[in-house]
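The figures here come from the full heavy-atom set of this structure, side chains too, leaving out hydrogens, waters and symmetry mates.
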Amino acid sequence: MLLENLAIGRSVEIFVNRDEYCYHLTSKIEETSAKRLYITLIATNTRVFEFRQEDKVRIVYRDKDQIWEWADVKAGIVKKYGVKMHYFDIVDGGRSFNRRNAYRVTIDEEVMLGYYDQYGTTAKSADMQKFKLSDEASAPPAMMVPNFVKGIVRDISATGVGICSNYEFSIDDAMFFSISSNYGKLTAKAKVVRKVETNPSKNKYSNYYGCVLLQTDNKLSRHITDIQREAIKVQKQKQEEEELDKVLGRLEKGILSNSIKKQQEKKVNAHGIKGIKTVADMEQAKEKQKQQPRPKVEGIVTMDEVQEKLEKKKNDKTPQPQIEGIKTAGLK
């Protein structure tokens, strides 16, 4: 994206990596040229933010769901039209990416949210207010001590954080907190840009605050990456387990199907199939046929009947009847 196409008056974010911390600053675009961007002077409590030579600076410009980023820019202060401004020299064309791709991790960690009351206002600050020498005597001692309230860091990314608390913060209020990590306690400062009331019957805290990170430990990005890597690992493991369950389910179904088939085959072998005679059936039928008497057919004498008559005649002791005119053998 050409710098000349950036809208005058639109906000731009500046990320500064310095020593162990990353600072998140915001300002408005005053003027652009082919290789330079001018913004409203970044200053708080009459203190101007001083960029250092060793700072690693990148600029982020957001347009709806698209983000444009320029890295390794050089910053400084210049007087233009009689007004001091910060400027950034751009050395490349930048790159674009979808803001939804910025990975946000859920941590749900209970924290203590600290803040300072800004002297003479109702605003809350993440930094102790600086007083002029003439004001030191009149500054209440309480202003030098931070207040703490309970809260929870719901989710966090490299640029933003979601915080829940029962305390009533206002838009643009700032607070500081620390979260646990494998690298020790990581401190951060955040500013409220969005506020949502939650259902107290379903949530421990009544307010949800969408915040931008003003300052973070450089190790925060590594911590987020670690959580992301672990989440991807768990998700992959879950997918592999689900795939394994599906395979085992199909295998178990196949084994059960084969078992039922074998049982049916056993029943067929034992009882036969209707209309088809097995060898065992045929042998059984022959034995049964042998045991049953042969059916008698009218006009036909069977061998069994002849044998039966001979046996009967042989065993019969009754004298034979005499026939008239015929003498039997043995008569005198």
Side-chain angles (χ1 to χ4, degrees), residues 15 22 60 62-69 71 95-111 151-165 177-186 188 190 193-213 216-276 278 280:
F15 294 88
C22 176
V60 173
R62 303 174 187 267
D63 184 13
K64 296 181 180 178
D65 285 336
Q66 200 69 26
I67 297 179
W68 292 87
E69 180 186 65
R95 69 185 185 99
S96 66
F97 55 92
N98 194 309
R99 68 185 300 175
R100 293 174 182 171
N101 292 336
Y103 198 84
R104 182 177 288 261
V105 296
T106 300
I107 59 176
D108 287 333
E109 182 176 345
E110 297 277 353
V111 297
I152 184 171
V153 175
R154 183 70 65 196
D155 47 62
I156 193 168
S157 70
T159 59
V161 61
I163 295 174
C164 296
S165 178
F177 58 89
S178 297
I179 60 173
S180 304
S181 78
N182 292 331
Y183 311 100
K185 286 288 185 179
L186 304 180
V193 295
R194 184 167 60 94
K195 178 181 177 181
V196 179
E197 292 185 1
T198 59
N199 189 339
S201 62
K202 297 181 179 179
N203 299 278
K204 182 177 179 180
Y205 297 104
S206 57
N207 298 310
Y208 174 85
Y209 299 101
C211 308
V212 295
L213 291 170
T216 61
D217 192 299
N218 276 337
K219 300 183 186 70
L220 177 63
S221 295
R222 291 162 60 186
H223 178 53
I224 292 173
T225 302
D226 290 345
I227 296 175
Q228 180 183 6
R229 188 181 293 112
E230 186 63 28
I232 293 173
K233 181 180 177 181
V234 171
Q235 181 65 25
K236 186 178 179 181
Q237 208 170 33
K238 184 179 179 182
Q239 290 175 349
E240 290 176 350
E241 289 176 355
E242 289 176 352
E243 286 297 322
L244 181 61
D245 287 341
K246 288 180 182 179
V247 172
L248 292 175
R250 289 195 294 266
L251 184 61
E252 185 178 354
K253 188 177 180 180
I255 293 172
L256 182 61
S257 177
N258 289 335
S259 176
I260 293 173
K261 188 176 179 181
K262 287 180 180 179
Q263 288 179 5
Q264 290 175 344
E265 288 176 354
K266 286 181 180 179
K267 287 182 180 179
V268 168
N269 292 334
H271 303 291
I273 300 175
K274 188 176 182 181
I276 298 177
T278 63

With [X], which residues qualify under side chain to side chain contact (heavy atoms under 4.5 Å, CB included), at least two apart?
{"X": "Val105", "answer": "Tyr103, Ile107, Ile156, Ile224, Ile227"}
{"X": "Asp108", "answer": "Thr106, Ile152, Arg154"}
{"X": "Ser178", "answer": "Lys185, Thr187"}

Exercise for the section: Applying ring-ring contact (aromatic ring centres under 6.0 Å, His included), name anything that partners Phe15, two or more places apart in sequence or on another chain. Expected result: His24
Handout entry: Qualifying residues under ring-ring contact (aromatic ring centres under 6.0 Å, His included), relative to Phe177, sequence neighbours excluded
Key = none
Problem - Rounded distance (nearest 0.5 Å) linking atom NZ of Lys195 with atom CD1 of Ile163 - result: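 Atom-to-atom, Lys195:NZ and Ile163:CD1 are 13.5 Å apart.
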Problem - Partner residues of Glu110 under the salt bridge (Lys or Arg N to Asp or Glu O under 4.0 Å) criterion, sequence neighbours left out - result: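 Listed in chain order: Lys204.
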Exercise for the section: Could you tell me which non-hydrogen atom of Tyr205 sits nearest to which non-hydrogen atom of Gly151, and how far apart they are? Expected result: OH-O, 3.9 Å
Problem - Shortest non-hydrogen separation from Ala188 to Leu213 and the atoms involved - result: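 Looking at all heavy atoms of both residues, the shortest contact is CB-CD2, 4.2 Å.
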Identify each donor-acceptor pair in which a side-chain atom of residues 216-223 lies under 3.5 Å from a protein atom, sequence neighbours left out, and give them as a table.
unit_1	atom_1	unit_2	atom_2	d
Asp217	OD1	Lys219	N	2.8
Asn218	ND2	Asp19	O	2.8
His223	NE2	Ser180	O	3.4

Completion exercise
Here the side chain to side chain donor-acceptor pair (under 3.5 Å) pairs for residues 225-245, sequence neighbours left out, are Tyr183-Asp226, Asp226-Arg229
